[in-house]
Amino acid sequence: MYTVGRLAAIFGLSRSTLLYYDRLELLKPSGRSSGNYRLYTEADFRRLEQICLFREAGLPLKEIRAALESGEGQLETFLERRLEDLNHDIGRLREQQRLIVGLLKNRRALEKIGVMNKETWVALLAASGFSEDDMQRWHEEFERTAPEKHRAFLEFLCIPEDEIETIRARAGEPGPVR
């Protein structure tokens with residue numbers, strides 16, 4: 001059996017967090033000591049592990065409670081929705097990065113954002129033996145098979161919008177696209 005203080009210490013949480021979880025009926029103690037202290041079992045410990053894991057994934061407490069009460073199917077739904085939200089947020093943040101890099105008009109700013117950029121990508125392809133024609137075919141195939149993913153990838157490389165449009169337009173034409 002674990003006391004509220006011991007359980008909180010193990011998980012790096014405050015005692016008040018566990019009391020809050022109790023009020024929300026997210027993690028109820030399984031018993032009480034003779035001194036009326038909350039006591040938690042191994043099953044409660046495992047439940048708190050799950051709660052902490054799902055909190056780390058960014059799920060709200062209300063959804064965690066619903067998922068734990070209803071089972072795996074509900075949890076999968078909540079996790080898929082969270083993943084969609086994260087993808088949206090990441091896309092929005094990438095747009096902000098591209099905008100700031102464009103406003104700075106400074107190539108060194110690309111290095112600071114710590115992501116792959118156009119120059120590094122082209123150099124990597126060239127080092128892997130891709131010729132200009134190979135790179136053209138790569139863009140053509142990407143644009144043909146997954147145009148929205150092609151656009152998203154070019155945005156990921158922090159390429160300015162006008163250059164993205166040029167690359168995509170030329171993906172249907174013969175000749176190098178860089």
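All residue numbers in this chain count up from 1 along the given sequence.
Between Leu75 and Phe54, the closest heavy-atom pair is CD2-CZ, 3.4 Å. Scanning all heavy atoms of the two residues, the minimum distance from Arg32 to Leu39 falls at C-CD1, 3.7 Å. Listed here is the closest heavy atom pair of Phe45 and Ile10: CE1-CG2, 3.7 Å. Nearest heavy-atom pair, Phe11 versus Cys52, reported as atom, atom and distance to 0.1 Å: CD2-SG, 3.9 Å. Of all the heavy atoms in Glu148 and Arg168, the pair that sits closest is OE2-NH2, 4.2 Å.
In the hydrophobic clustering of this structure, Leu124 groups with Phe142; members are Ile, Leu, Val, Met, Phe, Trp, Tyr whose side-chain heavy atoms approach within less than 4.5 Å, directly or through other members. By the criterion of side-chain heavy atoms lying less than 4.5 angstrom apart, applied directly or through intervening Ile, Leu, Val, Met, Phe, Trp or Tyr residues, Tyr20 is grouped together with Leu26 in one hydrophobic cluster. In the hydrophobic clustering of ILVMFWY residues, with side-chain heavy atoms under 4.5 Å counting as a link, Ile90 and Leu157 come out apart. Residues Leu7 and Leu68 share a single hydrophobic cluster, defined by chaining ILVMFWY side chains whose heavy atoms lie under 4.5 Å apart.
No more than 12 heavy-atom neighbours from other residues, nucleotides or ligands sit within 6.0 angstrom of CD on Glu76. Other residues, nucleotides and ligands contribute over 12 non-hydrogen atoms within 6.0 Å of the NZ atom of Lys28. More than 12 non-hydrogen atoms from other residues, nucleotides or ligands lie less than 6.0 angstrom from CD of Glu69.
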Practice problem: List the steps, then state whether salt bridge (Lys or Arg N to Asp or Glu O under 4.0 Å) holds for Glu63 with Arg82. | Solution: CA-CA 10 Å; Glu63 290 182 5; Arg82 178 66 183 140; over 6 Å; no
Exercise. Check step by step if side chain to side chain contact (heavy atoms under 4.5 Å, CB included) holds for Glu49 and Leu53.
Key: CA-CA 6 Å; Glu49 280 181 319; Leu53 180 64; over 6 Å; no
Practice problem: Report the C-alpha separation of Glu132 and Gln136 in whole Å, then their side-chain angles, then the decisive distance to 0.1 Å, and conclude whether the side-chain hydrogen bond (donor to acceptor under 3.5 Å, both in side chains) test is met. | Solution: CA-CA 6 Å; Glu132 294 283 330; Gln136 172 67 27; over 6 Å; no
Practice problem: Would you check, one step at a time, whether the test salt bridge (Lys or Arg N to Asp or Glu O under 4.0 Å) holds for Asp44 with Arg47? | Solution: CA-CA 5 Å; Asp44 299 327; Arg47 183 176 173 99; over 6 Å; no
Practice problem: Carefully, step by step, assess Leu99 and Glu95 under the rule side chain to side chain contact (heavy atoms under 4.5 Å, CB included). | Solution: CA-CA 6 Å; Leu99 177 62; Glu95 275 299 314; over 6 Å; no
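In this structure, the separation between CD1 on Ile167 and CG on Asp162 is 9.5 Å, given to the nearest 0.5 Å. The CG atom of Leu61 sits 11.0 Å away from the CG atom of Leu27 when rounded to the nearest 0.5 Å. Of the inter-residue distances, the one linking Trp138 atom CH2 with Phe130 atom CZ reads 8.5 Å to the nearest 0.5 angstrom. Taking CG from Leu48 and CZ from Arg55, the interatomic distance works out to 12.0 Å, rounded to the nearest 0.5 Å. Summarising the geometry, atom CD1 belonging to Ile159 is positioned 8.0 Å from atom CD belonging to Glu119; distances are rounded to the nearest 0.5 Å. Atom OG in Ser30 sits 12.5 Å away from atom CZ in Arg38 (nearest 0.5 Å).
A distance of 6.0 Å or more separates the ring centres of Trp121 and Phe156.
The only member of Glu161, Glu163, Glu143 that meets salt bridge (Lys or Arg N to Asp or Glu O under 4.0 Å) when paired with Arg151 is Glu161. Looking at His139, Arg144, Glu155 one by one, the single match for side chain to side chain donor-acceptor pair (under 3.5 Å) with His150 turns out to be His139.
At least one donor-acceptor pair closer than 3.5 Å links the side chain of Asp134 to the backbone N or O of Ser131.
For the pair Tyr37/Val4, no side-chain contact is recorded, criterion being any heavy-atom separation below 4.5 Å from C-beta on.
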